[in-house]
Visitor: 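Handing you a structure now.
Counting starts at 1 for both ligands and their atoms, in listed order. Just the heavy atoms: all of them, side chains too, but no hydrogens, waters or symmetry mates, feed the values below. We number each residue from 1, following the sequence as shown.
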Amino acid sequence: MVKMLAKQGHNVVTFDNLSTGNRYAVKWGEFVRGDLLNTTDLFRLFQDRHFDLVMHFSARSLASESVQNPSLYYRCNVVGTYNLLEAMRKRGVNKYIFSSSAAIFGNPVAESINEEHPKAPINPYGQTKLMIEQLLHDCSKAYELNTVSLRYFNAAGADSEGELGEDHNPETHLIPNILKTAKEKNSPSLKIFGEDYNTPDGTCVRDYTHVEDICNAYLKAINYLDENKGAHTFNIGNGKGISVKQVLNAAQEVVGEDITHQITDRRHGDPDVLVADSSKAREQLGWKPKYTDIKEIISTTWNWIN
Ligand code: UDP
């Protein structure tokens with residue numbers, strides 16, 4: 001996102017505690033190391049700078065970890081966001097774009113999920129994102145805060161120029177794990193978490209959306225906030241459901257060889273199917289994903305890994 005904003009001529013400041021982020025990835029604009037749970041860090045950040053808008057990406061974001069350690073999630077995500085919004089309010093910064101998640105919906109009751117779909121998270125991670133959306137709704141009414149929450153489905157892929165990509169330790173996400181297994185010949189085989197889900201091949205179905213398409217939704221949201229007051233929500237996804245086994249098959253085609261894998265037990269907190277209906281984003285933000293083929297998305301990650 002910072003790369004894209006810098007290319008468009010914006011001055012960007014990145015604030016991160018580097019608990020899971022990588023300092024090397026911030027190659028554009030200023031970097032400030034700090035923590036949303038430390039109000040002194042936030043005071044200093046806002047004291048010396050003028051901000052037009054805040055994009056908030058940081059969070060604890062692993063559904064299964066949130067089941068095992070919910071306190072960590074409520075503190076980091078809910079308290080962290082509350083602190084950030086308070087710091088913004090004190091300095092009169094009133095535009096905010098929030099990274100929400102498909103996890104707010106829980107197990108879907110419709111084939112694809114639009115903004116009105118019932119919200120019933122099945123893990124604390126989704127619960128924290130839903131609580132924050134409610135906080136934004138109330139704050140926007142009371143304090144003239146203008147917000148867009150982008151509920152993205154599965155962010156995937158890497159920078160198309162191969163300069164940036166997912167780099168977590170340990171890595172938990174499906175596509176990087178598949179490709180690491182392919183790349184590192186001695187790595188333990190890939191685990192597929194459960195094949196007894198209520199889906200055509202028994203593995204979970206997700207909507208994989210390219211990271212650059214998601215960043216484009218943020219650019220659209222900046223313009224949207226110039227014209228629209230209040231708190232707004234958009235579901236951001238390709239609208240195509242792809243199973244874990246289908247992702248594995250596509251990755252094998254990209255890599256050109258078989259990738260060793262084993263079927264294990266389910267992971268905690270995974271819903272069967274999550275597929276977006278992004279009609280509202282298409283109509284109101286003018287957003288349209290460029291990457292619609294899973295093989296193309298996987299290729300950008302393979303390019304980055306190599
Ligand atoms: N998954 C898997 N093996 C892995 C990582 C993930 O089978 O090594 C499955 C996971 O259970 C889920 C899907 O792949 O059904 C996508 O998981 P990921 O962690 O990439 O994203 P999430 O859906 O949790 O945001």
Visitor: List the closest protein heavy-atom neighbour of atom 24 (O) of ligand 1: residue, atom name, distance to the nearest 0.1 Å.
Guide: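 The closest heavy atom on the protein side is R267 NH2, 2.8 Å.
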
Visitor: Would you mind running through ligand 1 and noting each atom that sits below 4.0 Å from a heavy atom of I192?
Guide: 7 (O)

Visitor: Give a yes/no verdict on a cation-pi contact between R91 and F46, requiring under 6.0 Å between NZ or CZ and the six-membered ring centre and an angle within 45° of the axis.
Guide: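 No - R91 does not lie over the ring of F46 by the 6.0 Å and 45° rule.
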
Visitor: Return a yes/no value for F193: is any of its N or O atoms, backbone included, closer than 3.5 angstrom to an N or O of ligand 1?
Guide: yes

Visitor: Please list, in number order, the atoms of ligand 1 under 4.0 Å from a heavy atom of R206.
Guide: 15 (O), 23 (O)

Visitor: Looking at atom 8 (O) of ligand 1, what's its closest protein heavy atom, distance included?
Guide: N177 ND2, 3.1 Å

Visitor: By number and element, which atoms of ligand 1 are closer than 4.0 Å to a non-hydrogen atom of C204?
Guide: 15 (O)

Visitor: Is L248 reachable from L174 through a run of hydrophobic residues whose side-chain heavy atoms are each under 4.5 Å from the next?
Guide: yes

Visitor: Flag yes if more than 12 heavy atoms outside Y143 fall under 6.0 Å of its OH atom; otherwise flag no.
Guide: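 No.
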
Visitor: Where's the contact between H173 and ligand 1, heavy-atom distance under 4.0 Å: side chain, backbone, both or neither?
Guide: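 The answer is both, backbone and side chain.
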
Visitor: Could you tell me how the ring of H232 sits relative to the ring of Y224: parallel (under 30°), tilted (30 to 60°) or perpendicular (over 60°)?
Guide: perpendicular

Visitor: For the residue pair H56 and Y96, categorise the inter-ring angle as parallel (less than 30°), tilted (30 to 60°) or perpendicular (more than 60°).
Guide: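 Aromatic pair H56/Y96 classed tilted.
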
Visitor: Is it true that atom CD of E144 has more than 12 heavy atoms of other residues, nucleotides or ligands lying nearer than 6.0 Å?
Guide: no

Visitor: How far is atom 21 (O) of ligand 1 from its nearest protein heavy atom, and which residue and atom is that?
Guide: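 Minimum-distance protein heavy atom for atom 21 (O) of ligand 1 reads N154 ND2, 3.1 Å.
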
Visitor: Identify whether M131 and Y73 are in the same connected component of the hydrophobic contact network (ILVMFWY, side-chain heavy atoms under 4.5 Å).
Guide: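 Each belongs to a different hydrophobic cluster.
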
Visitor: Which ligand 1 atoms are under 4.0 Å away from a heavy-atom of V244?
Guide: 7 (O), 9 (C), 13 (C), 14 (O), 15 (O)

Visitor: Please give me the minimum heavy-atom distance between L274 and A102, naming the atom from each residue.
Guide: CD2-O, 4.0 Å

Visitor: Considering heavy atoms of the protein only, find what lies nearest to atom 20 (O) of ligand 1 and give residue, atom and distance to 0.1 Å.
Guide: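 Here the nearest protein heavy atom works out to L174 N, 2.8 Å.
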
Visitor: Applying a 4.0 Å heavy-atom criterion (strictly less than), which segment of Y208 is in contact with ligand 1: side chain, backbone, both, or neither?
Guide: side chain

Visitor: May I ask whether F31 and W28 are part of the same hydrophobic cluster, defined by side-chain heavy atoms of I, L, V, M, F, W, Y residues being less than 4.5 angstrom apart, directly or through others?
Guide: no

Visitor: Does K141, at its NZ atom, have more than 12 non-hydrogen atoms belonging to other residues, nucleotides or ligands within less than 6.0 Å?
Guide: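 Counting neighbours around NZ of K141, 12 or fewer heavy atoms of other residues, nucleotides or ligands fall under 6.0 Å, so no.
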
Visitor: Is I175 in polar range of ligand 1, meaning some N or O pair under 3.5 Å apart?
Guide: no

Visitor: For atom 11 (O) of ligand 1, which of L62, T203, V205, D270 has the closest heavy atom?
Guide: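 Residue with the shortest heavy-atom distance to the ligand atom: D270.
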
Visitor: Identify the closest protein heavy atom to atom 5 (C) of ligand 1: which residue and atom is it, and at what distance?
Guide: T172 O, 3.2 Å

Visitor: Which bit of R266 gets closer than 4.0 Å to ligand 1, counting heavy atoms only: side chain, backbone, both or neither?
Guide: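 Under 4.0 Å from ligand 1, R266 contributes no heavy atoms.
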
Visitor: Considering only heavy atoms of K191, which atoms of ligand 1 have at least one such atom less than 4.0 Å away?
Guide: 2 (C), 3 (N), 4 (C), 7 (O), 8 (O)

